[in-house]
**Q** 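This structure is in structure tokens; I'll ask about it shortly.
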Protein chains: 2
Amino acid sequence: MTTDYISRIRRFHRAVTSEVGLLDSSFLGRGRPLGPARVLNAIGGGRTEVSEIRSYLSLDSGLLSRLLRGLEGEGLIEVEDGETDGRRRSIRLTLAGAQEYAAYEALSDAQAAEILGKHAMPEKLLAAMDLIATALGKERIHLEEADPRSTAAQACMSAYYTELSSRFERGFDVALSCDPDASDMERPRGTFLIALSDGLPVGCVGLKGTTKGYGEVKRLWVSQEARGLGLSRRLMTELERIAQDVGIELLRLDSNSALGEAVALYRKTGWTEIERFNDDPYPDLFFEKRLARSWSG
Amino acid sequence: MTTDYISRIRRFHRAVTSEVGLLDSSFLGRGRPLGPARVLNAIGGGRTEVSEIRSYLSLDSGLLSRLLRGLEGEGLIEVEDGETDGRRRSIRLTLAGAQEYAAYEALSDAQAAEILGKHAMPEKLLAAMDLIATALGKERIHLEEADPRSTAAQACMSAYYTELSSRFERGFDVALSCDPDASDMERPRGTFLIALSDGLPVGCVGLKGTTKGYGEVKRLWVSQEARGLGLSRRLMTELERIAQDVGIELLRLDSNSALGEAVALYRKTGWTEIERFNDDPYPDLFFEKRLARSWSG
DNA sequence: ATTTATACCTGACCTAAGTCAGGTATAAAA
DNA sequence: TTTTATACCTGACTTAGGTCAGGTATAAAT
């Protein structure tokens with residue numbers, strides 16, 4: 001019972017295909033096969049060029065052409081020749097098309113609400129979905145440099161603060177900590193990295209440039225559902241690469257013994273413990289790592 | 001970001017269809033379309049009669065016939081007339097068919113292993129899958145009377161004990177508790193109910209018959225992943241129905257204030273708190289409920 | 001014994017989805 | 001300017017999956 005993970009995965013598989021198949025076939029509720037419905041959704045989602053739609057839905061060129069002719073015949077889309085390139089064509093929803101698209105959106109929303117309605121604690125269900133989506137989409141998680149003032153970055157950091165509050169016995173108050181200025185975590189002095197899984201931010205780390213002869217690693221965070229996928233290591237590796245890139249030769253960071261996984265990672269990846277180098281009240285562990293000089297520097 | 005549950009469900013949907021679609025199309029790895037592969041799997045899974053397969057896969061009678069003729073032509077199955085009913089026909093895998101089925105099983109296992117291999121904590125991933133499969137399959141959860149000595153029942157009870165150990169500050173040791181004898185939780189004096197979600201036991205409750213003028217409710221448990229689906233209420237309702245059925249007019253139970261949800265349920269469903277009626281060291285709350293006399297009694 | 005229902009089969013037909021080989025107009029490279 | 005590549009389109013064809021109207025043999029009901 002406990003070790004039979006295969007039957008558990010199959011059970012998941014069955015549940016999800018019967019239910020998600022239902023989600024898919026909800027597209028059928030409007031008397032249109034899946035193909036054209038998907039194309040309409042791609043267009044409504046903001047994709048305008050034929051080639052864009054083709055690669056997004058990975059459709060054969062001929063097939064897409066026919067589907068587009070069909071939607072055109074229904075009066076849902078209009079096709080016009082590209083402005084800069086006469087070969088390319090761009091697609092626009094007509095008024096009727098926009099209405100039809102909105103109807104599909106509404107169907108999709110209703111389905112989502114129905115699934116959540118099955119549970120007294122929908123947040124638990126969503127958390128499980130996030131975990132699975134993130135794990136299955138592991139290969140598609142990509143790192144991106146972002147403005148630390150952006151919505152996504154702010155969301156990461158506030159999740160990070162929440163995490164610290166729950167981890168530290170005394171709680172955590174950003175105001176008391178050495179809060180790095182956003183401009184210190186931007187090129188050319190530093191950077192801020194976000195890990196995105198299909199659009200959802202699931203991790204971050206900041207590189208703070210200083211004038212003290214070293215760069216500082218700040219705000220390393222991986223969301224609950226993305227843990228166990230080796231993401232913090234990926235974030236740190238990329239951060240070190242960028243640090244070298246901007247000419248930093250020595251990195252420092254402060255941490256806390258309550259953050260066991262992070263500390264273990266530092267120890268495993270070439271960081272050495274050093275004496276306290278700041279007066280932030282929260283950290284009780286301090287590390288540094290010397291980087292190989294960048295060939296370009 | 002936080003309230004946008006629809007985009008989170010869609011993200012889950014995308015992840016799962018691309019990955020589980022992969023699981024489905026793994027069936028294609030053996031040069032056979034999905035249809036016949038599904039039929040072969042149904043037969044390998046122990047379904048022998050044509051009508052059984054038809055309803056399991058919800059296939060049209062004509063379509064299934066053709067698929068069976070195909071598999072027969074490949075030499076994978078043998079069809080023979082039913083023994084008791086000459087209209088029914090039963091299907092058997094040939095040696096080649098059994099090998100082919102085994103090959104599909106191996107493919108499926110490999111896929112499962114690959115998915116789990118993506119995660120450093122596969123148990124977490126499986127738990128999330130269980131949660132989702134159970135929630136999506138909520139309507140298909142059914143209650144079943146079972147022998148309290150059966151594997152499924154024992155699995156439920158040991159999960160129940162583990163739960164109690166973690167809930168009670170002093171832990172929990174069955175040996176010290178009033179452990180009901182299996183024979184007390186069987187017809188005609190009592191019963192043992194199991195909730196099954198697609199074969200997986202996700203909850204239980206026992207009705208213990210006594211000679212003291214009342215029946216006792218024991219071992220009400222709902223697994224972590226099935227909480228929030230109203231299952232304990234369903235179990236209790238069914239248990240009370242059976243209690244009436246076997247002629248019990250008064251039910252009693254003991255519980256503990258550490259089991260908040262359960263206690264809240266009792267209070268909400270017509271149970272009244274009474275004085276201690278046993279000397280079990282664990283419970284600190286005692287309830288009883290008078291049942292309407294069964295019309296058949 | 002006759003009628004009705006059931007279980008499975010067959011043939012004819014349909015739709016969705018996709019592949020593939022050209023074809024046409026435009027853009028970019030030589 | 002000629003050649004080559006690109007973007008899209010069209011027509012012919014294929015496969016998978018499925019529906020539907022009978023047909024045949026057997027079982028159950030009357």
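It should be emphasised that the depicted structure is a prediction, and the values quoted were computed from it without experimental measurement. So that the names make sense, note that chain A is the first sequence line, chain B the second, and so on, each numbered from 1.
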**Q** Over how many whole Å does the gap from B:Glu83 atom CD to C:dA7 atom C1' extend?
**A**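 Between C1' of C:dA7 and CD of B:Glu83: 17 Å.
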**Q** Any side-chain heavy atom of A:Ile91 within less than 4.5 Å of one from A:Thr48?
**A**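 With C-beta onward as the side chain, the pair stays apart.
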**Q** Considering only side-chain heavy atoms of A:Arg54, which listed nucleotide, C:dC8, C:dA25, D:dC8, is closest?
**A** D:dC8
**Q** To the nearest Å, give me how far apart CG (A:Asp81) and C1' (C:dT26) are.
**A** 10 Å
**Q** Does B:Leu207 reach the side chain of B:Phe192, with side-chain heavy atoms less than 4.5 Å apart?
**A** no
**Q** Just compare D:dG18, D:dA27, D:dT10 and give me whichever is closest to any side-chain atom of B:Leu63.
**A** D:dG18
**Q** In whole Å, I'd like the distance from the CG atom of B:Leu64 to the P atom of D:dC20.
**A**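 Answer to the nearest Å: 17 Å.
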**Q** Taking atom P of D:dC8 as reference, at what distance in whole Å does atom CG of A:Leu59 sit?
**A**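 Whole-Å distance recorded here is 13 Å.
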**Q** In this structure, how many angstroms lie between the C1' atom of D:dC8 and the CD atom of A:Glu52, rounded?
**A**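 Answer to the nearest Å: 15 Å.
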**Q** Please pick, from C:dA7, D:dC9, C:dT10, the nucleotide with the shortest atom-to-atom distance to any side-chain atom of B:Ser65.
**A** C:dT10
**Q** Rounded to the Å, how far apart are B:Leu67 CG and C:dC9 P?
**A** 11 Å
**Q** Taking the nucleotide of DNA chain C with the closest heavy atom to each, which residue, A:Pro36 or B:Leu68, is nearer the 5' end?
**A** B:Leu68
**Q** Round to a whole Å and report the spacing from CZ of B:Arg88 to P of C:dT6.
**A**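 B:Arg88 atom CZ is separated from C:dT6 atom P by 11 Å.
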**Q** Would you indicate whether B:Arg233, at its atom CZ, is surrounded by more than 12 heavy atoms from other residues, nucleotides or ligands within a distance under 6.0 Å?
**A**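 No, not enclosed.
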**Q** What is the nucleic acid contact for B:Ser90, judged by heavy atoms within less than 4.0 Å: base, sugar-phosphate only, or nothing?
**A** nothing
**Q** Nearest to the side chain of A:Arg66, which nucleotide is it out of C:dA17, D:dG11, D:dG17?
**A** D:dG11
**Q** Measure from the side chain of B:Arg69, starting at C-beta and using heavy atoms only, and say which of D:dG17, C:dA12, C:dC9 lies closest.
**A** C:dC9
**Q** From CD of A:Glu80 over to P of D:dC9, roughly how many Å is that when rounded to an integer?
**A** 13 Å
**Q** Nearest of C:dA7, D:dC8, C:dC8 to any side-chain atom of B:Arg89?
**A** C:dC8
**Q** Is it the case that over 12 heavy atoms from other parts of the model lie below 6.0 angstrom from the CD atom of A:Glu83?
**A**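 No - once you tally the heavy atoms of other residues, nucleotides and ligands closer than 6.0 Å, there are 12 at most.
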**Q** Please tell me which of the listed nucleotides, C:dT26, D:dG17, C:dG18, lies nearest to the side chain of A:Asp85?
**A**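 Per side-chain heavy atoms of A:Asp85, the pick is C:dT26.
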**Q** Given D:dG17, C:dA27, C:dA17, identify the nucleotide with an atom nearest to the side chain of A:Arg87.
**A**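 Of the options given, the side chain of A:Arg87 lies nearest C:dA27.
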**Q** Heavy atoms only: give me the nearest B:Leu231-B:Ala226 pair and the separation to one decimal.
**A**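 Nearest pair, atom of B:Leu231 first, then B:Ala226: CD2-CB, 4.1 Å.
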